[in-house]
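Please read the structure below before turning to the comments.
When a residue number appears, it is its place in the shown sequence, counting from 1.
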Amino acid sequence: MDFFNSALGKNITFLRPAYFIISGFTGIPNIKYYYVFLFFVYIISVLANTAVMGVIYLDHNLRTPKYVAVFNLALVDLLGNSAIVPKVLDIFLFNHPQISYNDCLTFQFFCYLCLFIQALNLVALSYDRVIAIVYPLHYPVKVTHRVMFSMIGSFWVFVITVKLITIGLLTRLSFCQSVVIKSYICDHGPIFRLACNDYTPSYVMSMMVPALVLWLPLTIVLMSYLCISHALAKVATVQERMKGFKTCTAHLSLVVIYFIPVLITFTLGANIDPNARIINLSLGMIFPPMLNPIIYVLQTREIKESLKKLLRIITCFKIRKVKFKQ
């Protein structure tokens, strides 16, 4: 218990600053163009994820267990970018670097909550692909609404619990010198390293959490694709193999664009240049939520057909409305 700095029940006062100062993107030329880029990424992300959620909600044919996970991914992407981008623009573009202590911890909670849920959501989608390809006859039994809702619900509970523990440990730290966070958000690592008392528990969490919510999900996804590859290798014709693999391309694309930048950042940790870490982490957090819905629309036949059908309905409605007015 001493290891985890258990000050509960002891008369210990923690020095908490009134505010933190977020100081990222320093010394980068023409950085304002990057803020404009983030703004456009955010607008596209909001429109694309809202469209995907709307299509899944309106089309009864898409209310399958698989699209429960796709809907959750779009929701998390929308919430994540809405939590990050407006605040980042306010801090850097409009020069409001000060953020209160409580607001900073809340900001961190929602940023990382959405980031980690995205990783676990990819596990749910890989489960869907494994059962569909390796055990196709068991698919109606093993991939049900109840199973998918239970899986996604357990992911939310797990990540919320982990983040509450992480935030709770940060509240046991004292900040008696610098309050300047060298990141673009209220980043966990740069915050606990500012503490002037023992931050070992937070350091341990900074090692454990990426292993639990990044490396472990990636391992599960990779193992699922080993199973899929083994099953497809047994298929007689090349055409059938390609057809089976084509159903996985959207999910594989999401895995690549999500895990590569995030894992580079969390693996190198404090060893990476601060500006390189900030740019890489910001792209890893903000770019995938924009690309995810676009990839699913372009590479998933059901969503493309549903969008075409909805567009036809909207067009017919507008034509009838014009004729009625005439």
Side-chain angles (χ1 to χ4, degrees), residues 1-24 80 83-84 87 98-120 123 154-220 259 262-274 277-278 280-282 284-285:
M1 292 298 288
D2 291 336
F3 176 75
F4 285 101
N5 191 23
S6 179
L8 294 174
K10 299 180 181 180
N11 189 20
I12 296 178
T13 301
F14 297 100
L15 299 176
R16 296 172 182 172
Y19 58 85
F20 286 105
I21 297 174
I22 299 180
S23 176
I84 297 172
K87 189 63 179 175
Q98 291 187 2
I99 181 170
S100 70
Y101 178 84
N102 289 331
D103 288 348
C104 189
L105 296 186
T106 303
F107 184 30
Q108 180 190 134
F109 175 83
F110 284 105
C111 289
Y112 280 101
L113 174 69
C114 295
L115 180 70
F116 295 153
I117 286 289
Q118 287 176 20
L120 294 174
V123 173
S154 64
F155 290 159
W156 276 94
V157 171
F158 174 70
V159 174
I160 288 172
T161 303
V162 168
K163 278 312 301 174
L164 287 176
I165 293 172
T166 305
I167 298 295
L169 289 173
L170 288 180
T171 64
R172 319 308 294 175
L173 299 178
S174 292
F175 301 89
C176 44
Q177 295 179 6
S178 176
V179 292
V180 178
I181 302 171
K182 294 181 180 180
S183 185
Y184 79 111
I185 59 173
C186 289
D187 211 345
H188 179 255
I191 288 180
F192 76 71
R193 288 186 176 88
L194 294 175
C196 52
N197 62 338
D198 182 24
Y199 57 69
T200 301
S202 290
Y203 174 77
V204 171
M205 288 299 292
S206 73
M207 296 292 104
M208 289 177 56
V209 172
L212 289 173
V213 295
L214 293 176
W215 284 108
L216 181 59
L218 178 59
T219 303
I220 294 171
F259 278 107
V262 171
L263 286 177
I264 289 173
T265 302
F266 282 93
T267 302
L268 296 178
N271 298 319
I272 190 173
D273 178 77
R277 183 182 190 279
I278 290 167
N280 195 52
L281 186 59
S282 63
M285 281 183 152

Look at the rings of F175 and F20 and say which category their plane angle falls in: under 30° parallel, 30 to 60° tilted, over 60° perpendicular.
-> perpendicular
To the nearest 0.5 Å, what is the distance between SG (C186) and CD1 (I22)?
-> 4.0 Å
Under 3.5 Å, is there a donor-acceptor pair between the side chain of Q98 and the main chain of I21?
-> no
Quick one: NZ on K163 to CD1 on I117, what's the gap to the nearest 0.5 Å?
-> 12.0 Å
Can you name the closest pair of heavy atoms from G284 and L115 and give their distance?
-> O-CD1, 4.4 Å
Taking every heavy atom of L169 against every heavy atom of S202, the minimum-distance pair comes out as CB-OG, 3.8 Å
Pair F116 + F158: ring centers closer than 6.0 Å = no
Spacing of NZ belonging to K182 relative to CG belonging to D187, to within rounding of 0.5 Å = 13.5 Å
Is the closest side-chain heavy-atom distance between M285 and Y112 below 4.5 Å?
-> yes
With side chains defined as the heavy atoms from C-beta onward, is the minimum distance between I167 and H188 less than 4.5 Å?
-> no
Between CD1 of I185 and SG of C111, what distance do you get to the nearest 0.5 Å?
-> 4.5 Å
Is atom OH of Y101 surrounded by more than 12 heavy atoms (other residues, nucleotides or ligands) closer than 6.0 Å?
-> yes
For the student: nearest non-hydrogen atoms of A83 and F107, plus distance = O-CE1, 3.1 Å
Between M205 and V162, what is the shortest heavy-atom contact and its length?
-> CE-O, 4.2 Å
Would you indicate whether the side-chain heavy atoms of C104 and I191 approach each other to under 4.5 Å?
-> yes
Minimum heavy-atom distance F259-A119, with the two atoms named = CZ-CB, 4.1 Å
CD1 of I181 to CZ of R193, rounded to nearest 0.5 Å, is 13.0 Å
Can you find a pair of side-chain heavy atoms, one from D103 and one from Y19, that are under 4.5 Å apart?
-> no
Are F109 and T166 side-chain neighbours, meaning at least one heavy-atom pair lies under 4.5 Å?
-> no
Can you see which heavy atom on L15 is nearest to which on S174, and at what distance?
-> N-OG, 3.1 Å
Rounded to the nearest 0.5 angstrom, the CG-CZ distance for L170 and R16 is 10.5 Å
Look only at the side chain of N197 and the backbone of R172, and say whether a donor-acceptor pair between them is shorter than 3.5 Å.
-> yes
Trace of the side-chain hydrogen bond (donor to acceptor under 3.5 Å, both in side chains) decision for N102 with S100 = CA-CA 6 Å; N102 289 331; S100 70; over 6 Å; no
